[in-house]
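All residue numbers refer to positions in the sequence shown, counting from 1.
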Amino acid sequence: PNRRNARSNRGPYPLNPIFVALDTPALAKAQDLAAAVRTHVGGLKLGLEFFCANGPEGIAVMAEFDLPVFLDLKLHDIPNTVAKAVEALAPLRPAVLTVHAAGGHAMLAAARAAAPQGTRVVAVTVLTSLDAGDLAAAGVSGSPDDQVRRLADLTRAAGCDGIVCSGAEVAAAHAAWPDGYFVVPGLRPAGAEVGDQKRVITPREALAAGASMLVIGRPITGAPDVGAAAQVIAASLRDTPALVAAP
């Protein structure tokens with residue numbers, strides 16, 4: 001049976017919320033990275049880059065590592081198209097699947113209805129590569145926090161399981177949606193290069209603020225010793241109150 005934290009948004013893997021982002025089109029490289037970190041992380045994040053190169057067969061291969069898979073495809077289309085896409089992905093049984101919250105209530109509800117039992121559907125709110133200036137240029141008024149709050153309310157009303165947001169917004173999102181599932185990407189350990197991310201905090205800060213899943217890519221996959229990097233980040237979380245409370 002699944003072990004669950006007292007906070008219901010933690011999900012079935014409360015003691016290791018780290019999902020390593022395997023952002024590569026190369027199946028062999030993804031396998032090597034997964035093999036190096038499998039004992040130090042709680043799951044694997046496979047996104048559009050990997051899926052376009054390897055398809056469902058590649059996802060099935062990565063599932064052989066016996067770690068939950070976060071399938072980050074950010075589906076965004078009319079409700080019927082998204083529902084059919086989710087149905088097509090159902091045999092892969094991803095632990096978590098992403099859609100775009102900007103697709104609207106009907107699309108979100110259709111995705112949730114089409115997902116298999118055991119798959120969380122979470123909606124992307126504001127990409128971590130965007131800031132207030134980027135939103136304004138796209139015609140979106142207010143701050144990233146305002147937009148995340150609007151889209152989180154929409155996602156919750158549509159019956160989805162949670163949202164993807166940056167660490168800067170997760171505390172407010174968790175306060176408004178205590179049983180939501182919050183995926184936080186774009187995390188960087190203290191002293192790490194920020195790269196193309198604009199709204200970042202550390203994994204420890206994100207977890208303490210209410211994150212359910214910590215998506216970490218380059219600080220692990222770009223390290224000289226991938227396994228050691230994952231181990232160090234996992235160790236840095238062990239005395240975080242959110243994990244100390246786990247049964």
Heavy-atom donor-acceptor pair, Thr125 side chain to Val164 backbone, under 3.5 Å: yes
So, for Asp161 and Thr119, which heavy atoms are closest and what is the spacing to 0.1 Å? OD2-O, 4.1 Å
Close side-chain approach of Leu92 to Leu97, heavy-atom, < 4.5 Å: no
If two hydrophobic side chains count as joined below 4.5 Å and joins carry through other members, does Leu130 share a cluster with Val140? yes
In short, Pro144 meets Asp131 closest at the heavy-atom pair CG-C, 4.0 Å
Could you please spell out the steps behind the side-chain contact (heavy atoms from CB on, under 4.5 Å) verdict for Ile201 and Val184? CA-CA 10 Å; Ile201 63 175; Val184 180; 5.5 Å; no
Any sub-3.5 Å donor-acceptor pair from Asn54's side-chain atoms to Pro25's backbone N or O? yes
Leu22 CG to Asp72 CG distance, which is reported to the nearest 0.5 Å: 11.5 Å
Test item: Leu187 and Val215 side chains (from C-beta on) under 4.5 Å apart, heavy atoms: no
Do you know the tightest heavy-atom contact between Val121 and Ala115? CG2-CB, 3.6 Å
Atom CG in Asn80, atom CE in Met107: separation rounded to 0.5 Å? 12.5 Å
On the 0 to 90° scale, with breaks at 30° and 60°, tag the Phe182-His174 ring pair as parallel, tilted or perpendicular. perpendicular
Check step by step if side-chain contact (heavy atoms from CB on, under 4.5 Å) holds for Asp134 and Leu127. CA-CA 10 Å; Asp134 297 311; Leu127 297 173; over 6 Å; no
Determine, step by step, whether Val61 and Glu57 satisfy the side-chain contact (heavy atoms from CB on, under 4.5 Å) criterion, reporting the C-alpha distance in whole Å, the side-chain angles of both residues, the deciding distance to 0.1 Å, and the verdict. CA-CA 6 Å; Val61 169; Glu57 296 81 5; 5.7 Å; no
To the nearest 0.5 angstrom, please state how far the CD1 atom of Ile18 sits from the CG atom of Leu237. 5.0 Å
Which heavy atom in Leu135 sits nearest to a heavy atom in Gly142, and how many Å separate them? CD1-O, 4.4 Å
Between Arg156 and Ala176, is there a donor-acceptor pair closer than 3.5 Å when you use the side chain of the first and the backbone of the second? yes
For the backbone of Arg188 and the side chain of Thr202, can you confirm whether one donor and one acceptor N or O come within less than 3.5 Å of each other? no
Once rounded to the nearest 0.5 Å, what's the spacing between atom OG1 of Thr155 and atom CZ of Arg112? 12.5 Å
Quick one: does His105's side chain get under 4.5 Å of Leu154's, heavy atoms only? yes
Nearest heavy-atom neighbours spanning Gly180 and Ser212: O-OG, 4.0 Å
All N/O donor-acceptor pairs, side-chain side in residues 29-52, below 3.5 Å, sequence neighbours left out:
| residue | atom | partner | partner atom | Å |
| --- | --- | --- | --- | --- |
| Arg38 | NH2 | Phe65 | O | 3.1 |
| Lys45 | NZ | Asp23 | OD1 | 3.0 |

To the nearest 0.5 Å, what is the distance between NZ on Lys84 and CG on Asp77? 14.0 Å
Can you tell me if Glu169 uses its side chain to pair, donor with acceptor, with the backbone of Ser166 under 3.5 Å? yes
Derivation of the side-chain contact (heavy atoms from CB on, under 4.5 Å) call for Asp145 and Val148: CA-CA 5 Å; Asp145 184 70; Val148 168; 5.5 Å; no
For Leu71 against Pro94, the heavy-atom pair lying closest together: CB-CB, 3.9 Å
In this structure, CD1 of Ile59 is separated from CD of Glu64 (nearest 0.5 Å) by 12.0 Å
Keeping Arg204 on the side-chain end and Ser236 on the backbone end, is there a donor-acceptor pair under 3.5 Å? yes
So, Asp153 side chain and Arg150 main chain: donor-acceptor pair closer than 3.5 Å or not? no
Is any side-chain heavy atom of Trp177 closer than 4.5 Å to a side-chain heavy atom of Ile163? yes
